[in-house]
Amino acid sequence: MASSQKLTEYERKRLENIRRNDEMMAALKIHSKATELSASSSAKRQRVVTKSYKVSPEKKPRTQSPIVIRRSLRTRGMPPEYSDFKALDDTVEATPMVAKTLTQSNPSPRGLGPLSCRDAYRGTGSDKLLMERILGVSKKPHEDFGFENGGDSIKGGLELGSLSLNPENIARVVPGRIMNVRFLPCSNSKMIVVGNKFGDVGFWDVDSSMDKDDGIYLYHPHSGPISGISIQQQCSSKIFTSCYFGFIRLMDAEKEVFDLVYSSNDSIYSLSQRPDDIKCLYFSEGRGGFNIWDERVGKCSTQWNLHEDRINSIDFNSENSNIIATSSSDGTACIWDLRSVNVDQPKPLKEVRHNRAVQSAYFSPSGSSLATTSMDDTVGIVTGVNFDNTSMIKHNNQTGRWISSFRAIWGWDDSYIFIGNMKRGVDVISPAQKRTIFTLESPHMSAIPCRFDAHPYNVGMLAGATSGGQVYMWTLG
DNA sequence: TATACGGTTACTATT
DNA sequence: AATAGTCCACCGTATA
């Protein structure tokens, strides 16, 4: 009412600073009571789905931001370009030393200390079972790929008509808008990890949810939107998450902590790891920045400026891990060879032009194709020996403000691409036929699925996530 | 060149 | 059943 409908640039920055500061507080375990007592008590009632996250009364998720209370500070005569971390509110003023250490662009990762899983946990029951499950499934040796070796084609092809959504495979894993969904890359588990707009990370252990427990666990390791989740196949008890407010944390199930591995004053928009290297993180930062963080030296070994605007996705080619694809709000998707990027004038191997921002660019399982998704209402398919052949397929990608942008992902071989639509369905695009050939629909999908992940081992197991915190897990048969 | 604003969109919680 | 609140994306346009 009194507060304006829109946030000005200045207000956005201030809010970001406040949230960033919250994150810092959390890391130091001196989280102020004030931020926790934000919302009035509200018993979570269950709606359509039976499975839902539950929150301990002590630790409520912040569905209401403290912005209303703190915005009044502006009227106290704060200058518009106020520097980070300084006297934004009383809480910060009380800890100037802490603020100081964070403003350094490359602070020691240990300097902030870890955030224990216990402190980040927001659920009611114990999360011991989750830790055991994560460690249990990741310790077991992986079976060989359950489906065809290279991934060029699945034996007999995937029968789209057999994909179904069973009511027990639906859960509300986190509150609010899911930005990212990921399967734990283990052949013997159905563990789904999601990150939402509030900085929550939710786990859904689908198998355990068959029993008495619902298998849902909620953590709050970040204070801003989760921009990326990265888990490696050979190291699946280590879960990396990045946040818009410039933080990367590593959840280590063995140590039961969310370690802070990197912090920056710039936004981090995407996070990835090279499949064959567990020591480095690849992420995008600020306007077009691309960084490689090297754990062995504890700093960024590479900082390139690859795009004119934010980089929305980073993807590695499965056949050659020196090759990556980036997508950017500057309207392009690019393929790069990491061995030959010129620092001053980076030249991509291939540039795909769209008429609007590009939200994603993912290599096909075989590595020979690329699928891009853009706000210009197309899905681009790039094929050919040198990715010479580009075709644009029409698809309505106008998700508006409340739904996360669509990002077309590949299934388990090169034959199908999956992308959400505004009618609560999942469109299946055939790159060969260059059109939408099928749509997954279900009366159980009560919201628009906008972010997806395909299980890396189980063919037909597709997770779709919504802006209301729900996850739908489609299965074969 | 940068900032501001209006408009677009759907889902949840509350009445 | 209806409606208020969300607000961190993006585009096009207007303004400094």
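Just so we're on the same page: letters track the sequence lines, and every chain starts at 1. These numbers come from the heavy atoms of this one structure, side chains and all, not from hydrogens, waters or symmetry mates.
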Looking only at side-chain N and O atoms, does A/R310 come under 4.0 Å of OP1 or OP2 in C/dA9?
-> yes
Measure from CE on A/M445 to C1' on B/dA10 and round the result to the nearest Å.
-> 15 Å
So which protein nitrogen or oxygen atoms get under 3.5 Å of nucleotides 11-14 of chain C's nitrogens or oxygens?
| residue | atom | partner | partner atom | Å |
| --- | --- | --- | --- | --- |
| C/dC11 | OP1 | A/A357 | N | 3.2 |
| C/dG12 | OP1 | A/R356 | NH2 | 2.4 |

Nearest-Å distance for atom pair CD/P, residues A/Q359 and C/dC8 = 13 Å
Using whole Å, report how far CD1 of A/I170 lies from P of B/dC11.
-> 14 Å
Atom-to-atom span, CZ of A/R172 to P of B/dA13 - whole angstrom | 6 Å
Nearest to the side chain of A/I403, which nucleotide is it out of C/dC7, B/dA10, B/dT12?
-> B/dA10
Any A/Y269 side-chain N or O less than 4.0 Å from OP1/OP2 of C/dA9 = no
Is there a side-chain polar atom (N or O) of A/R424 under 4.0 Å from OP1 or OP2 of B/dA10?
-> no
Rounded distance (Å) that lies between atom P of C/dC7 and atom CE of A/M179 = 12 Å
Side chain to side chain donor-acceptor pair (under 3.5 Å) partners for A/R451, two or more places apart | A/S405
Can you list the residues that meet the ring-ring contact (aromatic ring centres under 6.0 Å, His included) rule with A/Y282, with sequence neighbours excluded?
-> A/F316
Start with the C-alpha distance between A/T466 and A/Y472, add both sets of side-chain angles, then the distance that settles side chain to side chain contact (heavy atoms under 4.5 Å, CB included), and finish with yes or no.
-> CA-CA 8 Å; A/T466 75; A/Y472 307 119; 3.3 Å; yes
Using whole Å, report how far NZ of A/K197 lies from P of C/dG5.
-> 15 Å
In terms of side-chain heavy atoms of A/N312, which of C/dC8, C/dC10, B/dC11 is nearest?
-> C/dC10
Figure out the CG/C1' separation between A/D330 and C/dC10, and round it to whole Å.
-> 14 Å
When rounded to whole Å, the CZ to C1' distance for the pair A/R407 and C/dC10 reads 14 Å
Could you check whether A/W402 and the base of C/dT6 form a stacked pair, meaning centres closer than 5.5 Å and planes differing by less than 30°?
-> yes
Partners passing side chain to side chain donor-acceptor pair (under 3.5 Å) against A/N397 (at least two apart in sequence or in another chain) = A/H395
Using the test salt bridge (Lys or Arg N to Asp or Glu O under 4.0 Å), find all partners of A/E351 that sit at least two apart in sequence or belong to another chain.
-> A/R353
Does a side-chain N or O from A/R177 land closer than 4.0 Å to OP1 or OP2 of C/dA9, or not?
-> no
Who pairs with A/F283 by ring-ring contact (aromatic ring centres under 6.0 Å, His included), at least two apart in sequence or on another chain?
-> A/Y262
Quick one: closest heavy-atom pair of A/R407 and A/N312, and the distance?
-> NH2-O, 3.5 Å
